[in-house]
Visitor: 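Okay, handing you the structure first.
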Amino acid sequence: MDQLEILAIKDACQSVSLRFGRLQDDRRYEDLPKLATSDATYTRLGEELSLADFIAWVKTMPPNKTRHFVTATEIDIVNKDSAKGLTYYTLYLYGGEEEPPYPLEGPFVVGEYHEEFARTDDGWKIKAREARIIFRKQK
């Protein structure tokens, strides 16, 4: 692979990773499968779910206002059709009824997304995403 192809892969993988969080914040769950392979998994709280099961679970959550703030994704290209990524994230959550700007008490959680990406006929997609919580708000 030449340097241009390496940069294109890294950009494509980072873009799909960032878009996933944005769609969650916008509660556009029906668009998430477009960013993932047909066999994609999402691991949360140590439980691996199919993407469809993750979407069904997240739809049961209260209609909180959320924002995922993420770092640039560190991409490790495994081969021309596979890559891995690591992104640090901070999740802010507000469950009240006020209008913006929402009151801020600090982040809800801070964690890491460990991702696997696969090249498909439709471009780079998420094959697996694991959200690992590193810090959480005290109760």
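By convention here, the first residue in the shown sequence is residue 1. These figures come from a predicted structure and were not determined experimentally. Side chains included, hydrogens not; waters and symmetry mates left out as well; all remaining heavy atoms used.
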Visitor: Does any non-hydrogen side-chain atom of Ile75 lie less than 4.5 Å from one of Phe117?
Guide: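 Yes. Closest side-chain heavy atoms under 4.5 Å.
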
Visitor: If you count the non-hydrogen atoms of other residues, nucleotides and ligands that lie under 6.0 Å from CZ in Arg136, is the total more than 12?
Guide: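 No - once you tally the heavy atoms of other residues, nucleotides and ligands closer than 6.0 Å, there are 12 at most.
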
Visitor: With Glu105, which residues qualify under side chain to side chain donor-acceptor pair (under 3.5 Å), at least two apart?
Guide: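 So Glu105 forms a side chain to side chain donor-acceptor pair (under 3.5 Å) with Lys137.
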
Visitor: So Leu86 and His114, side chain to side chain contact (heavy atoms under 4.5 Å, CB included) or not? Walk me through it.
Guide: CA-CA 5 Å; Leu86 172 65; His114 293 255; 3.5 Å; yes

Visitor: Please test Glu112 against Ile134 for side chain to side chain contact (heavy atoms under 4.5 Å, CB included), starting from the C-alpha separation and ending with a verdict.
Guide: CA-CA 7 Å; Glu112 301 171 351; Ile134 306 301; 4.0 Å; yes

Visitor: How long is the straight-line distance from CG of Leu91 back to CG of Asp25, given to the nearest 0.5 Å?
Guide: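 Here the rounded value is 7.5 Å.
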
Visitor: Just how far is it from atom CD of Glu47 to atom CG of Asp53, taken to the nearest 0.5 Å?
Guide: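 Going from the CD atom of Glu47 to the CG atom of Asp53 covers 8.5 Å.
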
Visitor: Within the 4.5 Å heavy-atom criterion, are Lys125 and Val16 side-chain neighbours or not?
Guide: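 Lys125 does not reach Val16 side chain to side chain.
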
Visitor: Do the side chains of Leu93 and Leu104 join up, straight or via other hydrophobic residues, at under 4.5 Å, putting them in one cluster?
Guide: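 No, no single cluster joins them.
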
Visitor: Return the CD1 to CG distance between Ile77 and Leu7, rounded to the nearest 0.5 Å.
Guide: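 These two atoms lie 8.0 Å from each other.
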
Visitor: As an exercise, state the distance from CZ of Arg22 to OG of Ser17, rounded to the nearest 0.5 Å.
Guide: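 Answer rounded to 0.5 Å: 14.5 Å.
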
Visitor: Got Glu115 and Phe20 here, is their nearest side-chain heavy-atom distance under 4.5 Å?
Guide: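 Answer no - side chains too far apart.
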
Visitor: Do any N or O atoms from the side chain of Asp2 and from the backbone of Leu4 form a donor-acceptor pair under 3.5 angstrom?
Guide: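 Looks like yes, one N/O pair under 3.5 Å.
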
Visitor: At their closest point, which heavy atom of Thr71 faces which heavy atom of Thr87, and how far apart are they?
Guide: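 Minimum heavy-atom separation between Thr71 and Thr87: O-CG2, 3.3 Å.
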
Visitor: Give, for atom CG of Leu32 and atom CG of Leu23, the distance between the pair rounded to the nearest 0.5 Å.
Guide: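 Reported to 0.5 Å precision, the distance equals 5.5 Å.
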
Visitor: Would you confirm whether Thr120, through its side chain, and Gly123, through its main-chain N or O, come within 3.5 Å as a donor-acceptor pair?
Guide: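 Indeed, once roles are kept as given, a pair shorter than 3.5 Å links the two residues.
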
Visitor: Taking the side chain as every heavy atom from C-beta outward, state whether Ile9 and Met1 have any atom pair closer than 4.5 Å.
Guide: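 Result yes, sub-4.5 Å side-chain heavy-atom pair found.
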
Visitor: Which pair of heavy atoms, one from Leu51 and one from Pro33, lies closest together, and at what distance?
Guide: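 Residues Leu51 and Pro33, closest heavy atoms: CD2-CA, 3.8 Å.
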
Visitor: Please lay out, stage by stage, how Thr37 and Asp39 fare under the test side chain to side chain donor-acceptor pair (under 3.5 Å).
Guide: CA-CA 5 Å; Thr37 62; Asp39 62 344; 2.7 Å; yes

Visitor: Atom CZ of residue position Phe135 - does it have more than 12 heavy atoms of other residues, nucleotides or ligands inside 6.0 Å?
Guide: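 Open: at most 12 neighbouring heavy atoms sit under 6.0 Å from CZ of Phe135.
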
Visitor: Rounded to the nearest 0.5 Å, how far apart are CG of Asp31 and CZ of Arg19?
Guide: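 Rounded to the nearest 0.5 Å, the CG-CZ separation comes to 7.0 Å.
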
Visitor: Restricting to pairs with a member in residues 62-88, which pass salt bridge (charged side-chain N to carboxylate O under 4.0 Å, His left out), not counting sequence neighbours?
Guide: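 Matches after skipping sequence neighbours: Asp81-Arg119.
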
Visitor: Only one of Arg129, Glu130, Arg132 passes side chain to side chain contact (heavy atoms under 4.5 Å, CB included) with Tyr113; say which it is.
Guide: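 When Arg129, Glu130, Arg132 are each tested with Tyr113, the side chain to side chain contact (heavy atoms under 4.5 Å, CB included) holds only for Arg129.
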
Visitor: Can you list everything that forms a ring-ring contact (aromatic ring centres under 6.0 Å, His included) with Tyr92? Sequence neighbours excluded, please.
Guide: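 Listed in chain order: Phe69.
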
Visitor: Quick check on Tyr102: does its OH atom have over 12 non-hydrogen neighbours (other residues, nucleotides or ligands) under 6.0 Å away?
Guide: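 Atom OH in Tyr102 is crowded, with more than 12 foreign heavy atoms closer than 6.0 Å.
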
Visitor: Could you tell me which non-hydrogen atom of Thr73 sits nearest to which non-hydrogen atom of Gly85, and how far apart they are?
Guide: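 So the two residues come closest at CG2-CA, 4.0 Å.
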
Visitor: Of all the heavy-atom pairs spanning Ala12 and Trp124, show the shortest one and how long it is.
Guide: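 Result for this residue pair: CB-CD1, 3.8 Å.
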
Visitor: Report the relative orientation of the aromatic rings in Tyr89 and His68; use parallel for angles under 30°, tilted for 30 to 60°, perpendicular for over 60°.
Guide: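 Because their plane-to-plane angle lies in the 30° to 60° range, the rings of Tyr89 and His68 count as tilted.
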
Visitor: Considering all heavy atoms of both residues, which atom of Arg27 and which atom of Met61 are nearest to each other, and what is their separation?
Guide: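 Smallest heavy-atom distance, with atoms named: NH2-O, 3.9 Å.
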
Visitor: Hey, are the side chains of Tyr88 and Val110 touching, using non-hydrogen atoms and a 4.5 Å cut-off?
Guide: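 Answer no - side chains too far apart.
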
